Amino acid sequence: MNFDFSKEQQSFKEDVRAFLTRRVPPERQEVFGVEYDGQYQFGREVASELAQRRWLAVGWPEEHGGGGKGPIEQAIFNEQMGYGMVPRTGITGLGFVGPALMVFGSLEQQAQYLPPIAASEVEYCQGFSEPNVGSDLASLELRADRDGDEYVLNGSKMFTSYVYNADYMYLLARTDPQAPKHRGISMFIADMKTPGISLRALPYISGAMAAQTFFDNVRLPATALIGEENRGWYHAMTTLDFERSGLERYGRTRRAFDDFVEFCKTTGLNGRVISDSPTVKHKLAEIKAAFDVWSLLCWNVAWLQSSGAVPNAEASVAFLHGTEQRLKFAQSAMEILGPHGTLRGDSQWAPLRGTIEGIHRESMHLHGAGTSEIHRNIIAQRGLGLPR
Ligand SMILES: Cc1cc2nc3c(=O)[nH]c(=O)nc-3n(C[C@H](O)[C@H](O)[C@H](O)COP(=O)(O)OP(=O)(O)OC[C@H]3O[C@@H](n4cnc5c(N)ncnc54)[C@H](O)[C@@H]3O)c2cc1C
């Protein structure tokens, strides 16, 4: 394993960092736990400028609107987007709808859907979870019944993040209720403007607004089916691993940590600088060690991708470690800050614009993209070959 960048990759990293430092100054950077429309719109503006440079999907082939480079360049870019605290947009499309289409989509679907994702012209949400279905995703109940040239969808999806900005939903539905549960599921892309789709707002503790999404006799054209009918489960499992590489998430959390260290070095509390305390020093040292490991685990996933492998247990190792260390960091930082740490970003007394309070709220989400237990199951079964 050699993590040195080539000269071109190093200069790409510096170019991206320089652009983001100029284009996203501190007052426009995202703060953990705070989401509002103006911030999202600014994120879209930045994303479309990045797309014009062919950086947004730098790892995608040029014919799909990408930069024609590989997973390492994409990972460099993603880490810089995170570290630059660029307001998050387009994650679902870039992170795994695009990769799924490149593997399973028809040529027509690739031509239709990929360039707008790479250009940041569209937003996607993900419709996997349902009111009765989370970890046991293969038990999903949303029905998609074939009717001539259309599929008719009935049921609902739960925890649909980003849905209020979404143009499309990337979803799984049951197309064969008689088949064993994994073999009766298909993957679709639904235009959110299709009649019969409605939303019930669902606020997250992180400050984001998601929804339960209802489908009431929603008619999708048969061309909305991605890949083979009843193979959706297998398509989805392959592409979920794309979401789990996690360098963007690492970069964003690392930035919060680096800022926090600086804050501890320069801020006085009870008559002395915070970082003078041996307890604080040890806590920060522990977090640094854990985050350095997290970085290596993420880069291992990127490196595997660049060698043509589809990381699986490795992606779960990186994700699990990152999720748990992010929570530990947030808890330690809250302890160090004491009561001030609980202030939200709208208070003038909130340290670091409330970012620690925000990351603490956000890191309590241990369910997004698979719970810690599910990642442990994957590591045990696929990484260690243990029985189910
Ligand atoms: C912030 C956030 C954003 C999300 N965004 C989306 C989204 O955009 N689209 C979407 O489709 N979904 C989304 N989800 C839903 C997410 O995918 C589910 O929360 C997740 O799959 C877990 O399902 P559940 O919450 O129903 O928990 P459950 O599956 O009911 O699990 C409950 C508990 O039981 C444990 N458990 C379950 N099964 C096992 C097992 N086999 N072995 C050991 N322990 C087990 C779990 O680890 C958990 O602790 C989001 C969730 C969060 C928190």
Side-chain angles (χ1 to χ4, degrees), residues 30 32-35 40 88-97 100 123-142 153 155-174 181-182 185 187-190 192 197 199-215 232-233 235-237 239-244 246 248-249 252-253 315-316 319-320 322-324 326-327 330 358-384 386-388:
E30 192 172 278
F32 278 99
V34 178
E35 294 202 13
Y40 174 80
R88 281 170 273 197
T89 66
I91 296 170
T92 309
L94 289 161
F96 54 108
V97 180
E123 187 72 70
Y124 280 77
C125 58
Q126 180 190 0
F128 283 15
S129 307
E130 297 183 1
N132 297 323
V133 174
S135 304
D136 185 17
L137 185 58
S139 299
L140 63 86
E141 294 166 349
L142 179 89
L153 275 62
S156 82
K157 290 290 173 186
M158 199 62 170
F159 303 122
T160 327
S161 309
Y162 314 114
V163 69
Y164 284 99
N165 292 313
D167 304 284
Y168 296 101
M169 181 187 281
Y170 166 70
L171 65 87
L172 292 175
R174 186 156 302 284
K181 62 181 184 178
H182 296 87
I185 294 172
M187 182 182 277
F188 294 91
I189 288 182
M192 292 302 287
I197 297 181
L199 306 177
R200 184 170 67 93
L202 191 67
Y204 287 159
I205 192 174
S206 64
M209 184 61 78
Q212 181 174 2
T213 308
F214 295 91
F215 294 78
W233 172 261
H235 298 346
M237 286 308 104
T239 50
L240 270 180
D241 291 330
F242 289 104
E243 192 197 14
R244 289 175 181 164
E248 205 268 354
R249 207 165 71 108
R252 201 166 285 274
T253 315
S316 283
F319 191 90
L320 176 66
T323 303
E324 301 204 337
R326 185 179 62 160
L327 178 59
I359 201 171
H360 184 244
R361 258 186 295 129
E362 191 169 314
S363 62
M364 283 190 279
H365 278 308
L366 297 174
H367 278 212
T371 69
S372 296
E373 288 75 23
I374 294 305
H375 286 288
R376 285 197 176 87
N377 286 350
I378 294 172
I379 296 165
Q381 286 156 25
R382 298 183 209 156
L384 297 173
L386 301 177
R388 285 176 76 87

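Hydrogens, waters and symmetry mates play no part in the numbers below; they use all other heavy atoms, side chains included. None of these values were measured; they are calculated from a predicted model. When a ligand or atom number is given, it counts from 1 through the structure's own listing order. All residue numbers refer to positions in the sequence shown, counting from 1.
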Among all the protein's non-hydrogen atoms, which is closest to atom 23 (O) of ligand 1, and how far away is it? Gly134 CA, 3.1 Å

Nearest protein heavy atom to atom 33 (C) of ligand 1: under 4.0 Å? no

Could you pull out the closest heavy-atom pair between His375 and Ala369, with the gap in Å? NE2-O, 2.9 Å

Point-to-point distance, once rounded to the nearest 0.5 Å, from CZ of Arg88 to CD of Glu248: 6.0 Å

Numbering as shown, the atoms of ligand 1 that approach Gln126 to under 4.0 Å (heavy-atom distance): 7 (C), 8 (O), 9 (N), 10 (C), 11 (O)

If you scan protein heavy atoms around atom 51 (C) of ligand 1, the nearest is Gly368 CA, 3.8 Å

Is it the side chain (CB and beyond), the backbone, both or neither of His365 that lies under 4.0 Å from ligand 1, heavy atoms counted? side chain

Drop me the distance from Thr160's OG1 to Leu202's CG, to the nearest 0.5 angstrom. 8.0 Å

Ranked by distance from atom 25 (O) of ligand 1, the top protein heavy atom is His367 ND1, 2.8 Å

Protein heavy-atom partner closest to atom 13 (C) of ligand 1 - residue, atom, separation in Å: Phe159 O, 3.3 Å

Would you say that Leu140 contacts Phe128 through its side chain, given a criterion of any heavy-atom pair below 4.5 Å between the two side chains? no

Is any N or O atom of Gly127, backbone or side chain, closer than 3.5 Å to an N or O atom of ligand 1? no

If we only count N/O pairs under 3.5 Å, is Asp136 in contact with ligand 1? no

Which atoms form the tightest heavy-atom contact between Lys181 and Asp136, and what is the distance? NZ-OD1, 3.2 Å

Steps toward side-chain contact (heavy atoms from CB on, under 4.5 Å) verdict (Phe159, His367): CA-CA 11 Å; Phe159 303 122; His367 278 212; over 6 Å; no

Quick one: do the Ser161 and Tyr204 side chains pair a donor with an acceptor below 3.5 Å? yes

Please report the C-alpha distance between Leu172 and Met187 in whole Å, then the side-chain angles of each, then the deciding distance to 0.1 Å, and finally whether the side-chain contact (heavy atoms from CB on, under 4.5 Å) criterion is met. CA-CA 5 Å; Leu172 292 175; Met187 182 182 277; 4.0 Å; yes

Determine if the distance from atom 30 (O) of ligand 1 to the closest protein heavy atom is below 4.0 Å. no

Ligand 1 versus Thr92, non-hydrogen atoms closer than 4.0 Å: side chain, backbone, both, neither? neither

Of the side chain and backbone of Asn377, name the one, both, or neither that has a heavy atom under 4.0 Å from an atom of ligand 1. side chain

Can you measure from CG (Leu171) to CD1 (Ile185) and round to the nearest 0.5 angstrom? 11.5 Å

With rounding to the nearest 0.5 Å, note down the distance linking CG in Leu137 to CE in Met237. 5.5 Å

Side chain, backbone, both or neither: which part of Tyr162 comes within less than 4.0 Å of ligand 1 when only heavy atoms are counted? neither

Identity of the nearest option to atom 49 (O) of ligand 1, non-hydrogen atoms only, from Glu373, Lys157, Glu362: Glu373

Between Gln126 and Thr92, does the side-chain hydrogen bond (donor to acceptor under 3.5 Å, both in side chains) criterion hold? Intermediate values first, please. CA-CA 7 Å; Gln126 180 190 0; Thr92 309; 5.6 Å; no

Looking only at non-hydrogen atoms, the one of Ala380, Ser135, Ala210 nearest atom 36 (N) of ligand 1 is Ser135

Out of the candidates Tyr124, Phe96, Phe188, Tyr162, only one should pair with Tyr170 under the ring pair (Phe, Tyr, Trp, His ring centres under 6.0 Å) rule; please name it. Phe96

State the atoms of ligand 1, each with its element, that fall below the 4.0 Å cut-off from a heavy-atom position in Ser161. 3 (C), 4 (C), 5 (N), 6 (C), 7 (C), 8 (O)

heavy-atom search around atom 46 (C) of ligand 1 in the protein gives Thr371 OG1, 3.5 Å

heavy-atom search around atom 10 (C) of ligand 1 in the protein gives Ser129 OG, 3.5 Å

Element-labelled atoms of ligand 1 that are located less than 4.0 Å from some non-hydrogen atom of Ile374: 38 (N), 39 (C), 40 (C), 41 (N)

